[in-house]
Amino acid sequence: MHLVCRPGTGRPDGPEVLAVPPGQDVAQPPETFTTAYERSSSTDRWVWADTAVTYRDLLRGGHRVERAHDLRLARRVLRSAAALEASTYATAPADPWDDPAPVASSFPARQAETLFDVAAPVAPDPVEELLAQQGAVDGSARPGALRLLLAAESSAALVAAEMHHAGLPWSARVHDELLRSELGPRPRDGERPARMHELVESVRAALDAPSLNPDSQPDLLRALRYAGVSVDSTRQWDLERVDHPVIGPLLEYKRLARLLTANGWAWIDAWVHDGRFRPDYVVSGAPSGRWATSGGGALQLPHAVRPAVVADPGWTLVVADAAQLEPRVLAGLARDERLATAGRGGDIYAGLVDQGVVDSREHAKVGMLGALYGGTSGDSGLVRPRLVRAFPAALGFVDAAAREGERGRRVSTLLGRTSPPPSGGWGEAQSGAFADSATADDESRARATGRAQGRFTRNFVVQGTAAEWASCWLASIRQRLAALPVATDACLAPAPFAEQAHLVYFLHDEVVVHAPAGQADDVAAILRESAAAAGRLLFGDLDLDFPVTVAVVESYARAK
DNA sequence: TCTCTTAGCGCG
DNA sequence: AAAGCGCGCTAAGAGA
């Protein structure tokens, strides 16, 4: 049964719910949310325009759902899918369903308001859109794959809403101690902390530039050159290769400046409340289907501040990382048996060395990453021929994706997510190179943009399929965690997670679960089993391993 | 004063 | 000759 939520009708007890029985194309009379929720079973699928809006409010009321279908996410996938090319669903003119998802109420901006008080946009009929999507999928070239993709994507959206609701356990006290030990006491706003102040003086003295502001890139570059330091930029990577007394204090200053501005006291004030960090996750915010985040820089939590991620008393963090996910996904996509074999059981890069393909793990890694990203320089270029010989299927697969991109064509992931067409600049560059007036410059620009698009599509198929694997992994973890017994000691997370192990963080190929300490082993098993399950779901008939490294820790910093 | 771009850096 | 993918955030500087 599909339970379609229609928000914004002003009902005090939540969205209006219209049930659509399987195989039917008409909804039953509307019910209140409460009635529908009480009657629902775990096999029903909740349908709504935006998970980040509707489910977030359901969670505030303590309600959890098992399955969902996010109409806006699904629409975006389907309208751009090559498998639906030329369908009426894909070619219809844009309407409000194509608008970006409404900005979810972010934590600092909006404190707890009345339950279900959602400023949802006035959307067209969600039942109609659901039926249109089902029809489009049924009539598409790849109905099974797309159905799995939409289910996985919607599950991921549930996870994102739940992680925001539960929050990442964050100790402002530990974070503050860490900042003090690096920077000195918290200064007044706009002032440099003591340690940074000392370093500025050292830099100024070393460059003989008494009033230099090291935060100004142009001024710093000028001062460096004036002092005889020949660098192309003020980048850390460039500075590190120079031997001059200013380099030490300058690099240290830049490190501390970064810590202060990106994750300093102001960040704590803005983002940590009630012992939790709650970023807004944007499911499939990247074209490849990877998540993005908005606010707080949750995608870039520096290792330096991870000591502040601390489990609640009596609880623990179970951190899992899918080892070398992308090469494994490539093995599956390309059905490359030998690459699958290299990854069986353990480290895939070590497997390459064992098979005699390359002479070191480091070469295996840069060579493989070069193949995935389209790198040709340095060691990656040197190793490439060996990989081509050893894994013709895998290398052939990404090379073919690159050729498609170079010709301006789109490519698709395993489950049918299709890459966006090249930007306008691409077409202009290509046609410019063929014009009568074309210069050598025009031609080289056309080649450069073509290759850039090739690198994008080359990486898209792998990164996008890896994101699909990760969504399946998350969905399976979520389902299995919910089946664990409730904890005897509650943690500080709000209902429905106070007594239930729950996901608190996800980063492309890594997850963190907050769990009662006594369940750590069960959770670790769940994380491994779920990885295997995701692998079977995507590459069922292939003997392909997805090993997971698991760490049970009190603090995220200790995970690796 | 506000908005936009750039350089730089963090994460995978 | 050089050429690796994706993301967000901050401060400075440029431009309106």
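Here is the naming used below: chain letters follow the sequence lines, and residue numbers restart at 1 for every chain.
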Exercise: do A:S154 and A:D70 side chains pair donor with acceptor under 3.5 Å: no
Under the salt bridge (charged side-chain N to carboxylate O under 4.0 Å, His left out) test, residues paired with A:R447 that sit two or more places apart: none
Secondary-structure stems for DNA chain C, with pairs counted as Watson-Crick or G-U when both distances are under 3.5 Å and runs at least 3 long: B:1-12 with C:5-16
Touch class at under 4.0 angstrom, heavy-atom based, for A:Q236 against every strand present: sugar-phosphate
Length of the NZ-C1' vector between A:K254 and C:dA11, whole Å: 11 Å
Length of the line joining A:E240:CD and B:dG8:C1', which is rounded to integer Å: 13 Å
Carboxylate-amine/guanidinium proximity below 4.0 Å for A:D238 and A:R235: yes
Sugar-phosphate only, base, or nothing, as touched by A:V366 at under 4.0 Å among non-hydrogen atoms: base
Gap between atoms CZ and P, on A:F506 and B:dG12 respectively (whole Å): 13 Å
Any A:H303 side-chain N or O less than 4.0 Å from OP1/OP2 of B:dC11: yes
Nearest-angstrom distance, P atom, C:dA3 to B:dG8: 16 Å
A:N263 CG - B:dC11 C1' separation (whole Å): 11 Å
Sugar-phosphate only, base, or nothing, as touched by A:L372 at under 4.0 Å among non-hydrogen atoms: nothing
Rounded interatomic separation in angstrom, taking CD from A:Q300 and C1' from B:dC11: 6 Å
Parallel, tilted or perpendicular: rings of A:W170 and A:W267 (30°, 60°): tilted
Sugar-phosphate, base or nothing in reach of A:G295, heavy atoms under 4.0 Å: sugar-phosphate
Residues within residues 446-465 of chain A bordering DNA chain C, heavy-atom distance below 4.0 Å: A:R451, A:R455, A:F456, A:N459, A:Q463
Separation of atom CD1 in A:I268 from atom C1' in C:dC9, rounded to whole Å: 17 Å
Distance flag, aromatic centroids of A:H175 and A:W265, threshold under 6.0 Å: no
N or O in side chain of A:T376 less than 4.0 angstrom from C:dA2 OP1/OP2: no
Sugar-phosphate only, base, or nothing, as touched by A:R384 at under 4.0 Å among non-hydrogen atoms: nothing
Side chains of A:Y55 and A:E162, donor plus acceptor under 3.5 Å: yes
A:S294-A:D280 side chain donor-acceptor pair, cut-off 3.5 Å: no
Sugar-phosphate, base or nothing in reach of A:G370, heavy atoms under 4.0 Å: base
Whichever of A:D215 and A:P287 has its nearest DNA chain C nucleotide further upstream toward 5': A:P287
Between the protein and nucleotides 13-16 of chain C, list the N/O to N/O atom pairs that are separated by less than 3.5 angstrom.
{"residue": "C:dG13", "atom": "OP1", "partner": "A:S216", "partner atom": "OG", "Å": "2.4"}

Which residues share a salt bridge (charged side-chain N to carboxylate O under 4.0 Å, His left out) with A:R222, sequence neighbours left out: A:D219
Heavy-atom side-chain contact between A:R195 and A:P193 under 4.5 Å: no
Among B:dC11, C:dG4, C:dC9, the nucleotide that comes nearest once only the side chain of A:L507 is considered: B:dC11
Lys NZ or Arg CZ of A:R361 over A:Y349 ring: under 6.0 Å, within 45°: no
Sugar-phosphate only, base, or nothing, as touched by A:K365 at under 4.0 Å among non-hydrogen atoms: nothing
NZ/A:K254: more than 12 non-hydrogen atoms of other groups inside 6.0 Å: yes
Atom-to-atom span, CG of A:L220 to P of C:dA12 - whole angstrom: 13 Å
Presence of donor-acceptor pair under 3.5 Å, side chain of A:R290 and base of C:dC7: no
A:R258 and A:Y253: side chain donor to acceptor below 3.5 Å: no
Nucleotide nearest A:S377 when distance is taken to its side chain, options C:dG6, C:dG4, B:dG8: C:dG4
side-chain contact (heavy atoms from CB on, under 4.5 Å) against A:T457, all qualifying residues, sequence neighbours excluded: A:V411, A:S419, A:Q453
Closest listed nucleotide, where the reference is the side chain of A:S380 and the choices are C:dA12, B:dC9, C:dG4: C:dG4
Spacing between A:L256 atom CG and B:dG10 atom P, to the nearest angstrom: 11 Å
